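Order of the sequence lines sets the chain letters (A, B, ...), proteins ahead of strands, with each chain counted from 1. These figures come from a predicted structure and were not determined experimentally.
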Number of protein chains: 2
Amino acid sequence: MVMVRERARETRGSGARQRLTARDWADAALAAMGEGGLAAVAVEPLAARLGTTKGSFYWHFTNRDALIEAALERWEESRTEAVIAELAEEPDPGARLRRLFVRGTHRAAEDPLEVSLLASAADPRVAAALARVTDRRIGHIAALYAELGFPEDEAQRRGLLAYTTYLGHAQLSHAVPGTLPAGDARDRHLDAVLETLLRPAGTTGTSPDVREVSPDTRASESAAERG
Amino acid sequence: MVMVRERARETRGSGARQRLTARDWADAALAAMGEGGLAAVAVEPLAARLGTTKGSFYWHFTNRDALIEAALERWEESRTEAVIAELAEEPDPGARLRRLFVRGTHRAAEDPLEVSLLASAADPRVAAALARVTDRRIGHIAALYAELGFPEDEAQRRGLLAYTTYLGHAQLSHAVPGTLPAGDARDRHLDAVLETLLRPAGTTGTSPDVREVSPDTRASESAAERG
DNA sequence: CCATGACCATACGCTACCGTATGGTCAAAA
DNA sequence: TTTTGACCATACGGTAGCGTATGGTCATGG
């Protein structure tokens, strides 16, 4: 089963032969990681998938660990950029937080990479990357809460809770998707969650004086996104 | 750590060996799973750890899959019993929910087994076990909310949110423990989270009319528990 | 007292993967 | 045109684990 390698040599610049770069390998590693976790980042299967052999890999990387590190680095920066891209749009911090949460959960439901990384947190490199990204994200969410008028410690606490909720949601949507509402009900659920996360504190008590959640600021954005 | 194997009858040099049961293997598998995930449930390392050989294992089990299934079954029922044990104590549903949440998060922080299982949710057997346990737990929490007076759909929604929060918290405490407050601050954080999860709905709005969280019903129970 | 069967040890072949060694190919530089 | 060096193919040896085969040991019942 030899691959038909097309040698379409463009006359200029981009050496259009099927030669690979270290980044190609890192991307493939990330993809494999999303599908099978850290253990799926294996040189020989990746080589087969890329239509090449180990000879190529060991030219670009000293060993498998180096590949893992490169992949994590790539993930980390791409995620940071994605978050920053989210930031730039909305002027209203409340709407920013809503969009952040909704798009984050949507993406987590589709893309297993993030959950896979969490699942591989036993590895110290993965743990380090996760720690950096997590800190940055929680800090960012806390800043949004602060912008909304919450005092610093309360903003920090709520940022942590919001991110905790996001993580749990991502976990559920991947491991036990049946528990989560689907379709319209999903957006309604997310709205209710956001309502809970944003509701001001102060009315302590367990007695449920329950009324309808007023649907004035729905956050349903059923949009597919790219990264 | 590993227990000292008592060799009951030592009248003859070093001949007398301890015989194992299938349950011993299942327990060892669960322990290994907590430490290294599903991949750590490997016959030969387990045999070494148990001070025996593969010969013993393949007497009690047909193959590795059978061991995994047995271990999961054992986990599932032990967890169910644990939850039921929690149930029986408190008469007040609000306090039950608090204790459930606090003890759950405490245990998750100490025992990596649950997080490891989540990390191995790619395996269909693990996914099935997780699905059963998750459904039962969410149902139980929702029932507590219902007992507190929330209407059925709201109780369901809040049960899901509470469990989502638990999962995210467990995940964080394992993967990025630095983000979570420690010591006293942890209990305060948990109290605040519970306050948020139990607060009645209805006061929609983003404007933070923030006051102090009244510390009338603290849920600090720094107790070690057994399973 | 020996025969049986439950239980364990050991040796073997198999697969998947890691990493090395070494030679092949091909575009561009010399 | 020859040479160079970046890039890839292939063969090799090593390790870890799965599963099988087969024989060893020991308690108990006949």
Colleague: C:dC7 phosphate, OP1 or OP2: any side-chain N/O from B:R19 under 4.0 angstrom?
Modeller: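 False: B:R19 side-chain N/O out of range (4.0 Å or more) of C:dC7 OP1/OP2.
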Colleague: Round to the nearest Å and state the distance from B:R64 atom CZ to C:dT15 atom C1'.
Modeller: 14 Å
Colleague: How many whole angstroms separate atom OH of B:Y58 from atom C1' of C:dA11?
Modeller: 15 Å
Colleague: Taking A:H60 for its side chain and A:D24 for its backbone only, find out whether a donor-acceptor pair lies under 3.5 Å.
Modeller: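 No.
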Colleague: Is there a donor-acceptor contact under 3.5 Å from the side chain of A:D65 to the main chain of A:I68?
Modeller: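 Checking the backbone N and O of A:I68 against the side chain of A:D65, no donor-acceptor pair under 3.5 Å is found.
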Colleague: How many whole angstroms separate atom NZ of B:K54 from atom P of D:dT20?
Modeller: 10 Å
Colleague: On DNA chain C, does the nearest nucleotide to A:P45 precede the nearest nucleotide to A:T62 from the 5' side, or the other way round? Give the residue.
Modeller: A:P45
Colleague: From C-beta outward on A:T53, which listed nucleotide comes closest to its side chain: D:dA9, C:dC18, C:dC8?
Modeller: D:dA9
Colleague: Using modelled atom types and a 3.5 Å cut-off, is there a donor and acceptor pairing between side-chain atoms of A:S173 and backbone atoms of A:A170?
Modeller: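 At least one qualifying donor-acceptor pair exists.
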Colleague: Respond yes when some side-chain nitrogen or oxygen of A:H60 is under 4.0 Å from OP1 or OP2 of D:dC8, and no when none is.
Modeller: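 Yes, because at least one side-chain N or O of A:H60 sits under 4.0 Å from OP1 or OP2 of D:dC8.
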Colleague: Return the value, rounded to whole Å, for the distance between atom CZ of B:F57 and atom P of C:dA6.
Modeller: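 Those two atoms, CZ and P, are 19 Å apart.
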Colleague: Any side-chain heavy atom of B:I138 sitting closer than 4.5 Å to one from B:Q156?
Modeller: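 They are in side-chain contact.
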Colleague: From C-beta outward on A:N63, which listed nucleotide comes closest to its side chain: D:dG19, D:dC7, C:dG19?
Modeller: C:dG19
Colleague: Under 4.0 Å between a side-chain N or O of A:T52 and OP1 or OP2 of D:dA9?
Modeller: yes
Colleague: When you measure from the side chain of B:T134 to the backbone of B:A131, do you find a donor-acceptor pair of N or O atoms at a distance under 3.5 Å?
Modeller: no
Colleague: Would you indicate, yes or no, if C:dC8 has its OP1 or OP2 atom less than 4.0 angstrom from a side-chain nitrogen or oxygen of B:W59?
Modeller: no
Colleague: I need the CH2-P distance between B:W25 and C:dC7, as an integer number of Å.
Modeller: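 The distance from CH2 of B:W25 to P of C:dC7 comes to 14 Å, rounded to the nearest Å.
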Colleague: Compare the minimum distances between each of D:dG17, C:dC17, D:dT20 and the side chain of B:E44, then state the nucleotide with the smallest one.
Modeller: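 In terms of side-chain proximity for B:E44, the closest of D:dG17, C:dC17, D:dT20 is D:dG17.
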Colleague: Check the distance between C:dA9's P and B:L46's CG and give it to me in whole angstrom.
Modeller: 14 Å
Colleague: Select from A:V41 and A:G55 the residue whose nearest nucleotide in DNA chain C is closer to the 5' end of that strand.
Modeller: A:V41
